[in-house]
Peer 1: 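Structure below; questions to follow.
Along the sequence shown, residues carry numbers from 1.
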Amino acid sequence: MSRFFAGGSDSDSDSSSDSEPVIRQQVAQFTFSDEEEDVKRVVRSKKEKRYEDLSNIIKSIRNHKKIKDMSSVLTSFEEFMRAYTKALPVVMKEENGVTPRIVVRALAELEDFINESWDDKDSRKNLSKNNNKALGTLRQKFRKYIKDFESDMKRFRAAPEDFAEEEDEDEREDEKGSDDEQEKVVVQPDVPKAVSFKKEPEKVKPVKPADDSDSSDWGSDSDSDSTSSDEDAKYTSIRDRFLKKPEKGTDEQSAVPAGAAGDDAFKKEKKKKTGEALKKKKPKQDEMFDENEEEEEGWKVVNGTRSGASEQPKMFAKDAEIDTKLVVNKLNEVMAARGKKRTDRKMQIEFLRELRTVAETNNLGPAVAAKIRFNIVSAIFDYNPKVSGAMKLEHWSKLLEEIQELLKLLLEHEDVHLSESILDEHEEYDTAPFKIRGCMLTAVERLDDEFIKLLKECDPHSNEYVDRLKDEVPVTGIIEQVVTYVERLGNEMEICRIYLRKIDHLYYKFDPNVLKKRKGQLPPNTITSVEEMDKLCRYIYAKDQTDRLRTRAILSHIFHHALHDNWFQARDLVLMSHLQETIHHSDPATQILYNRMMANLGLCAFRHGNIKDAHLCLVDLMMTSKPKELLAQGLVPQRQHERSLEQEKIEKQRQMPFHMHINLELLECVYLVSAMLLEIPYMAAHEFDARRRMISKTFYQQLRSSERQSLVGPPESMREHVVAAAKAMRHGDWNACANFIVNKKMNVKVWDLFYEANRVREMMVKFIKEESLRTYLFTYSNVFASISVPHLADMFKLPKSKVHSLISKMIINEELMASLDDPTETIVMHRSEPSRLQALSMQLADKVTNLVDANERIFEMKQGNFFQRGGNQGYNRDRQNYRNQNQNQNWNNNRRQDNRNRGNRGNQNRGEGREQREHHRDHHRDQREHREHQREYREQREQMRNVEYQNKAE
């Protein structure tokens with residue numbers, strides 16, 4: 001047997017094989033012995049069991065993190081939660097409620113791992129579908145579970161070294177205890193064991209310090225068999241035999257012992273080194289690697305920065321005189337490396353800040369300070385290499401500080417001019433007026449774009465989004481300062497640009513002072529957001545030279561008017577601007593703003609009771625069934641084709657921040673209610689009309705799908721409530737209709753989102769009563785001979801004057817064939833409406849007439865070709881047809897000769913063909929007029945029959 005598969009030596013195996021053959025007897029699978037009770041058993045406490053379970057799970061989590069197996073990490077984390085719940089009574093009893101250090105550190109490491117994996121979007125895309133889903137689930141569960149450990153996590157973040165040291169000491173103590181137990185087991189007297197054919201290893205001998213030569217490590221070829229057998233006796237397993245021995249210079253205690261004890265000592269030594277490294281760090285990296293350099297030659301110690309990064313430029317010499325020219329030259333030297341491949345962006349920012357400190361110390365003037373600060377802002381913008389991605393929060397806070405300080409400097413020193421029209425060679429730093437090349441407006445526009453990116457990157461339902469949204473206050477403050485600065489410069493184009501930035505932060509915000517001032521609750525000289533918007537937009541209307549800024553200003557102005565219930569001003573702006581005709585040629589961002597404006601305008605019209613206008617404003621959005629995409633509030637998966645990664649990336653960049661979203665359920669509810677108030681009376685009035693058109697296709701589909709269901713339960717969703725209300729309105733039951741629209745569930749979902757919710761609910765109930773009355777009269781007018789107006793007013797809870805007004809409008813518009821009798825306050829029906837059989841007969845007659853007309857038109861088109869054949873035309877057409885068919889050439893030649901002979905006769909007959917065509921047209925025109933006279937005659941006869949029928953009935 002080879003020594004690679006045996007614990008002993010070859011000499012022993014050879015001697016045993018040569019002495020006598022071994023007869024292998026069948027051994028029982030399980031051996032029971034009375035002496036087993038003499039073996040010392042280790043009894044562990046409940047605390048040790050629980051802590052061992054936790055430590056094993058934490059080790060598995062760390063192993064799964066190394067290979068980024070998110071599914072296994074999620075499973076292990078769930079096991080950890082269950083194990084810690086079991087261990088919680090022990091923790092409360094033994095630790096006095098203090099969370100174990102190993103648990104706190106494991107949670108902190110897992111939190112860092114989850115955040116890094118979630119922020120790294122490129123690696124997240126490369127994950128499998130299961131791992132990606134597991135990462136999202138793990139992130140949600142961990143954020144929910146970690147709330148109970150917030151205080152412990154803060155203590156760990158404040159001093160991680162203390163936790164690491166204490167945890168390692170605990171682990172060392174546990175390992176020492178386990179080592180002692182192992183030693184105790186080894187020291188025990190020999191116990192008789194079951195029969196086995198495996199060779200028992202000899203007693204372990206201590207390993208002596210080995211020499212540094214290769215011969216001491218691996219032995220020599222001249223060693224005898226007895227020497228090899230002695231060496232084999234030192235090891236208890238194959239792994240220990242091939243482990244590399246410690247080098248020269250190490251202590252005997254750090255040498256790898258034999259067997260399992262050697263592994264434990266090696267682990268303890270490794271953990272000891274890790275704890276010392278976390279506890280204190282050496283100031284110099286060269287000292288940390290001195291011993292390694294002595295031991296292994298050829299290795300080179302490198303610094304922690306990137307290998308390709310350029311070294312930091314040297315500051316001024318010690319004896320150099322610091323002046324403006326020297327600082328500006330150094331600044332230009334630093335900025336010359338901007339954008340290059342080997343430039344360290346972080347080091348560049350630090351160097352610029354040091355240069356700013358030097359300039360402030362030597363009082364080089366405001367121009368140099370402004371130039372350096374502007375370059376620092378540019379360097380912070382350049383630090384983020386991805387244009388589509390948001391910058392880090394630490395750089396964002398520094399960027400806000402730098403821009404605020406720069407604006408403060410520019411506003412205090414009016415003689416400092418910062419403009420992009422100034423060339424580099426024309427810059428002036430020594431004498432006033434100071435001239436610097438740069439554009440403050442561009443920097444602020446970039447700042448505003450970065451703020452929007454930060455909001456899009458955050459989870460809108462988290463506290464992080466609220467924290468980022470708080471930064472809008474300093475951002476708007478910076479924009480206000482830039483407005484003051486740009487107005488001082490007097491450039492109209494730049495003023496229009498910064499005004500539009502201010503409008504973008506103002507147009508979607510509701511100002512309650514507008515309504516209070518309208519009611520007289522505030523003094524007249526109070527400036528509201530509507531007046532501020534009016535001032536900014538009017539300046540852009542007058543001074544802007546580009547259509548885009550003016551278009552966006554008009555759309556924002558309309559949105560703000562509609563938000564504050566200025567319906568007539570908003571409507572007039574839409575009609576006068578004619579934007580609906582040219583908006584399709586605008587950029588996507590402007591089209592999104594147009595869709596948002598139309599949605600808000602529809603809500604404003606609905607609040608004012610203009611149901612038709614509200615429906616017209618919302619129909620284009622809701623008919624597409626993609627209002628979420630049109631308003632840039634999210635992406636909807638497409639059925640026909642999937643988006644590419646590039647398309648999805650572009651569309652995500654166009655999305656609006658969450659706090660600017662319009663409630664889609666509110667929009668859909670307003671649209672469906674408006675469609676119900678228009679569609680149901682129209683359907684009742686044109687029940688038997690074959691040419692009936694649909695006012696709202698979406699509402700019609702919802703209604704038809706509900707009617708096709710065999711069993712309809714009580715409504716639950718918003719759509720089901722509107723459909724149930726529509727069915728009640730078709731029967732004239734206004735009370736049930738109102739209860740379906742206005743109830744507790746609908747109030748919470750929809751109606752309470754309006755500013756004056758009670759007024760809107762009262763307005764809806766009023767319209768439901770009126771439209772239910774109209775639907776009732778359309779549906780049941782052929783049943784009654786006369787109806788009492790007071791009875792209708794009492795039935796629909798409307799004043800008599802309102803009922804009288806509604807019926808009068810219906811009679812005037814010829815919607816209802818009736819007359820009002822004022823003395824008796826009744827409606828007398830004329831019974832001119834046809835019955836169901838008569839209506840179906842009239843539909844059939846109309847369809848047959850249309851079919852006859854279509855056939856006659858087709859017959860005219862075919863017969864018209866005969867009268868167009870005159871003279872050369874017919875012969876030339878025949879000649880072309882036969883030439884295309886490649887028939888007999890001799891026949892074609894004869895045909896051409898005949899055409900030459902008949903040419904003159906064809907020219908003479910051309911005038912006769914024209915007369916024939918005119919005569920044919922006159923003939924068909926007479927036939928058409930005759931059919932129209934017949935149709936009118938039939939209608940007159942039908943009217944006469946109806947009159948006779950009424951007279952007989954009376």
Peer 1: Can you tell me if R468 uses its side chain to pair, donor with acceptor, with the backbone of L454 under 3.5 Å?
Peer 2: no
Peer 1: With a 4.0 Å cut-off, would you call R353 and E350 a salt bridge?
Peer 2: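 A salt bridge links R353 with E350.
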Peer 1: Please determine whether side-chain contact (heavy atoms from CB on, under 4.5 Å) holds for the pair V104 and F149, giving the CA-CA distance in whole Å, both sets of side-chain angles, and the decisive distance to 0.1 Å.
Peer 2: CA-CA 8 Å; V104 177; F149 302 92; 5.6 Å; no
Peer 1: Please determine whether side-chain contact (heavy atoms from CB on, under 4.5 Å) holds for the pair I403 and M440, giving the CA-CA distance in whole Å, both sets of side-chain angles, and the decisive distance to 0.1 Å.
Peer 2: CA-CA 9 Å; I403 292 183; M440 197 65 222; 3.8 Å; yes
Peer 1: Does a side-chain N-to-carboxylate-O contact under 4.0 Å join K141 and E78?
Peer 2: yes
Peer 1: To the nearest 0.5 Å, tell me how far E79 CD sits from I58 CD1.
Peer 2: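 Atom-to-atom, E79:CD and I58:CD1 are 12.5 Å apart.
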Peer 1: Which atoms form the tightest heavy-atom contact between N132 and L127, and what is the distance?
Peer 2: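 Nearest heavy atoms, N132 then L127: N-CB, 4.3 Å.
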Peer 1: Indicate yes or no: does E450 engage R446 in a salt bridge with an N to O separation below 4.0 Å.
Peer 2: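 Answer for the salt bridge query: yes.
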Peer 1: Is Q348 reaching over with its side chain to a backbone N or O of V334, donor-acceptor style, under 3.5 angstrom?
Peer 2: yes
Peer 1: Please tell me if the side chains of R124 and L135 come closer than 4.5 Å, counting only heavy atoms from C-beta onward.
Peer 2: yes
Peer 1: Between the side chains of E480 and R501, is the shortest nitrogen-to-carboxylate-oxygen separation below 4.0 Å, so that they form an ion pair?
Peer 2: no
Peer 1: Let's go through S128 and M70 carefully: what are the C-alpha distance in whole Å and the side-chain angles of both, what is the deciding distance for side-chain contact (heavy atoms from CB on, under 4.5 Å) to 0.1 Å, and is it a yes or a no?
Peer 2: CA-CA 10 Å; S128 63; M70 302 300 175; over 6 Å; no
Peer 1: Does K456 reach the main-chain N or O of Q653 with its side chain, forming a donor-acceptor pair under 3.5 Å?
Peer 2: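 Such a contact is found between K456 side chain and Q653 backbone.
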Peer 1: Please say whether more than 12 non-hydrogen atoms of neighbouring residues, nucleotides or ligands are located less than 6.0 Å from CE in M92.
Peer 2: no
Peer 1: To the closest 0.5 Å, what do you measure between CG (L110) and CD1 (I114)?
Peer 2: 4.0 Å
Peer 1: Between F142 and F113, does the ring pair (Phe, Tyr, Trp, His ring centres under 6.0 Å) criterion hold? Intermediate values first, please.
Peer 2: CA-CA 11 Å; F142 184 82; F113 172 74; over 10 Å; no
Peer 1: Quickly, which of N384, I380, L447 forms a side-chain contact (heavy atoms from CB on, under 4.5 Å) with W396? Name it, please.
Peer 2: L447
Peer 1: Between E150 and R155, does any NZ, NE, NH1 or NH2 come within less than 4.0 Å of an OD or OE carboxylate oxygen?
Peer 2: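 The answer is no: the pair does not qualify as a salt bridge.
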Peer 1: Check the angle between the aromatic planes of F77 and Y145 and answer parallel, tilted or perpendicular using the 30° and 60° thresholds.
Peer 2: perpendicular
Peer 1: Please tell me if the side chains of I592 and R654 come closer than 4.5 Å, counting only heavy atoms from C-beta onward.
Peer 2: yes
Peer 1: Would you confirm whether T343, through its side chain, and A337, through its main-chain N or O, come within 3.5 Å as a donor-acceptor pair?
Peer 2: yes
Peer 1: Has the side chain of S76 got a donor or acceptor atom that lies under 3.5 Å from a matching backbone atom of V73?
Peer 2: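 Not at all, since once roles are kept as given, no pair shorter than 3.5 Å links the two residues.
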Peer 1: For N463, does the CG atom sit with more than 12 other heavy atoms under 6.0 Å from it, leaving out its own atoms?
Peer 2: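 Open: at most 12 neighbouring heavy atoms sit under 6.0 Å from CG of N463.
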Peer 1: Does E646 form a salt bridge (Lys or Arg N to Asp or Glu O under 4.0 Å) with K649? I'd like the steps, not just the answer.
Peer 2: CA-CA 5 Å; E646 191 66 24; K649 184 178 178 182; 5.3 Å; no
Peer 1: Please determine whether salt bridge (Lys or Arg N to Asp or Glu O under 4.0 Å) holds for the pair E648 and K652, giving the CA-CA distance in whole Å, both sets of side-chain angles, and the decisive distance to 0.1 Å.
Peer 2: CA-CA 6 Å; E648 187 173 356; K652 283 184 177 179; 3.6 Å; yes
Peer 1: Is the shortest side-chain N to carboxylate O distance from R139 to E111 below 4.0 Å?
Peer 2: no
Peer 1: Could you grab the distance from atom OG1 of T75 to atom CG of D69, nearest 0.5 Å is fine?
Peer 2: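 Output value for this atom pair is 8.5 Å.
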Peer 1: Ion pair present between R105 and E109, side-chain N to carboxylate O less than 4.0 angstrom?
Peer 2: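 Judged by the 4.0 Å cut-off on N to carboxylate O distance, R105 and E109 do form a salt bridge.
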Peer 1: Quick check: does any side chain N or O of Y383 sit under 3.5 Å from a backbone N or O of I349, one acting as donor and the other as acceptor?
Peer 2: no
Peer 1: For the atom pair CZ (F451) and CG (L400), what is the distance rounded to the nearest 0.5 Å?
Peer 2: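 With rounding to 0.5 Å, CZ (F451) is 9.0 Å from CG (L400).
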Peer 1: Would you compute the distance between atom CZ of R50 and atom OG1 of T85 and round it to the nearest 0.5 angstrom?
Peer 2: 11.0 Å
Peer 1: Looking only at atom types and distance, does a side-chain atom of K509 sit under 3.5 Å from a main-chain N or O of H505, one as donor and one as acceptor?
Peer 2: yes
Peer 1: Looking at K453 and E457, is there a salt bridge between them, counting it only when a charged N and a carboxylate O are closer than 4.0 Å?
Peer 2: no
Peer 1: Please check this pair: side chain of S123 against backbone of D120, looking for a donor-acceptor N/O pair closer than 3.5 Å.
Peer 2: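 A pair under 3.5 Å: yes.
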Peer 1: State the CG-CD distance between L455 and Q655, to the nearest 0.5 angstrom.
Peer 2: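 Separation between the atoms: 14.0 Å.
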Peer 1: Is there a donor-acceptor pair closer than 3.5 Å between any side-chain N or O of H661 and the backbone N or O of M656?
Peer 2: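 Present.
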Peer 1: Got a salt bridge between D382 and R345, using NZ or NE/NH1/NH2 to carboxylate O under 4.0 Å?
Peer 2: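 Judged by the 4.0 Å cut-off on N to carboxylate O distance, D382 and R345 do not form a salt bridge.
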Peer 1: Strictly distance-based, threshold 3.5 Å: is any side-chain N or O of D448 a donor or acceptor partner for the main-chain N or O of V444?
Peer 2: no
Peer 1: Looking at E405 and K408, does any basic side-chain N land under 4.0 Å from a carboxylate oxygen?
Peer 2: no
Peer 1: Looking at D112 and R157, is any side-chain nitrogen of the basic one under 4.0 Å from a carboxylate oxygen of the acidic one?
Peer 2: yes
Peer 1: Are there over 12 heavy-atom neighbours, none belonging to K749, within less than 6.0 Å of that residue's NZ?
Peer 2: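 Buried by this count: over 12 neighbours within 6.0 Å.
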Peer 1: Could you tell me whether E116 and K65 have a side-chain N and a carboxylate O separated by less than 4.0 Å?
Peer 2: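 Answer for the salt bridge query: no.
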Peer 1: Let's go through L331 and L352 carefully: what are the C-alpha distance in whole Å and the side-chain angles of both, what is the deciding distance for side-chain contact (heavy atoms from CB on, under 4.5 Å) to 0.1 Å, and is it a yes or a no?
Peer 2: CA-CA 7 Å; L331 177 63; L352 288 173; 3.4 Å; yes
Peer 1: Starting from the C-alpha separation in whole Å, work towards a yes-or-no answer on side chain to side chain donor-acceptor pair (under 3.5 Å) for N130 and S71.
Peer 2: CA-CA 7 Å; N130 293 333; S71 301; 5.9 Å; no
